[in-house]
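Contents: one structure, followed by commentary.
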Amino acid sequence: MPELPEVETVARQLSARVEGRVIRRLTILDDLLRRETPPPLAGAVISSVFRAGKQVIFELTHDRRPQWWLAVHLRMTGRLLVHENPRVSIPHLRARFRLDQGSLLFVDTRRFGTFGWRERHEDILPNAVEPLSRRLTPRRFRQLIGNSRSPIKTWLLRQDRLVGLGNIYASEILHEAHIAPQRHACDLDDEEIANLTRATKKILRRAIRNCGTTFSDFQDADGVEGSYQNYLFVYGRDGEGCRRCDGTIEREVQQQRSTFYCRRCQH
DNA sequence: ACGCAGACCTGTACGC
DNA sequence: TGCGTACAGGTCTGCG
């Protein structure tokens with residue numbers, strides 16, 4: 001489910017609510033979350049919560065020294081919720097962190113979500129370029145693309161170059177940039193790359209301001225819904241009119257995933 | 001290097 | 001009501 005703006009929203013909410021809390025006990029209820037063995041956690045302090053790519057990172061400290069970073073990847077349906085009642089049981093609850101006050105819950109219908117335990121900060125997301133960082137200039141964007149002949153929509157989903165974009169925002173960004181999703185990445189000219197860079201930052205910032213997009217599964221840590229779905233220009237709108245020109249939004253499958261675009265104003 | 005199929009899971013929507 | 005199919009915000013592996 002969640003892409004960069006949704007994960008950013010969750011991380012901000014959790015940062016306000018669980019930073020400084022002490023972990024009393026971790027209970028893992030789904031064996032799929034045990035692919036990496038959790039370290040002993042009792043007494044660890046959640047000293048910081050932040051986003052890296054599409055992951056929520058919890059910095060865990062013992063005696064004021066960071067010892068582990070827990071990287072939670074929500075994948076399609078993962079949610080992190082804070083609940084005052086530590087005994088609460090809700091459907092698809094996969095893990096519970098019992099805190100000195102309340103609980104942090106990991107809920108995940110489809111069970112694709114993962115927990116990763118890192119001993120070094122550098123191991124969280126090596127080589128990643130964050131799209132909202134100042135490092136992402138048109139020049140850097142061009143470098144990242146190199147001579148890739150992938151369709152640009154497909155390229156935007158690669159997490160080994162640029163992190164955080166997913167299926168919704170890739171379509172929205174290309175529409176904002178007036179670029180057709182089928183274009184070979186390496187064929188984009190300088191003006192198009194500049195537009196793409198601008199569109200990427202603009203769309204992501206606007207989505208973060210609106211706490212992300214809500215579909216059936218996404219809720220932030222307080223159970224509050226995002227509102228960006230009211231701003232979608234193309235995603236999920238096939239057959240409907242383009243909000244920018246007289247065209248009609250079409251759906252096309254690329255790499256087994258839906259892409260939405262307007263062939264009238266995206267070239 | 002790339003595209004493609006299938007896998008991992010569970011749920012919902014829709015046609016018959 | 002029930003059954004089959006398609007589809008879902010993500011990512012990995014194997015094959016050609």
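Chain identifiers are assigned alphabetically (A, B, ...) following the order of the sequence lines, protein sequences preceding nucleic acid strands; residue numbering begins at 1 within each chain.
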(request) Describe, in one word, how the ring planes of A:Phe97 and A:Phe58 are oriented to each other, choosing from parallel (under 30°), tilted (30 to 60°) and perpendicular (over 60°). (result) parallel

(message) Partner lookup for C:dT1, please. Criteria are Watson-Crick or G-U wobble with both distances under 3.5 angstrom; report none if nothing qualifies.
(response) none

(message) Which heavy atom of A:Val163 sits nearest to which heavy atom of A:Pro131, and what is that distance?
(response) O-CD, 2.9 Å

(request) Go ahead and name the base partner of C:dT11; Watson-Crick or wobble counts if both distances stay under 3.5 Å, otherwise write none. (result) B:dA7

(request) Sort out for me which residue in A:Arg98, A:Glu84, A:Arg24, A:Arg87 forms a side-chain contact (heavy atoms from CB on, under 4.5 Å) with A:Ser103. (result) A:Arg98

(request) Give a yes/no on whether any side-chain N or O of A:His92 is located under 4.0 angstrom from OP1 or OP2 of B:dG11. (result) yes

(message) Does the protein touch nucleotides 3-9 of chain B at the base, only the backbone, or not at all? Give it as B, S and - per nucleotide, heavy atoms under 4.0 Å.
(response) S-BB-BB

(message) Looking at C:dG10, I'd like to know if its phosphate oxygens (OP1 or OP2) sit under 4.0 Å from a side-chain N or O belonging to A:Gln159.
(response) no

(message) Is A:His73 close enough to C:dG10 that one of its side-chain N or O atoms is under 4.0 Å from OP1 or OP2 there?
(response) no

(message) Measuring to OP1 and OP2 of C:dG9, would you say a side-chain N or O of A:Tyr169 lies under 4.0 angstrom away?
(response) no

(message) Using OP1 and OP2 only, check whether a side-chain N or O of A:Lys54 sits under 4.0 Å from C:dG9.
(response) no

(message) Once rounded to the nearest 0.5 Å, what's the spacing between atom CD1 of A:Ile179 and atom CD1 of A:Ile193?
(response) 7.0 Å

(request) Could you measure between the two P atoms, the one in B:dA7 and the one in C:dT5, and give it in whole Å? (result) 15 Å

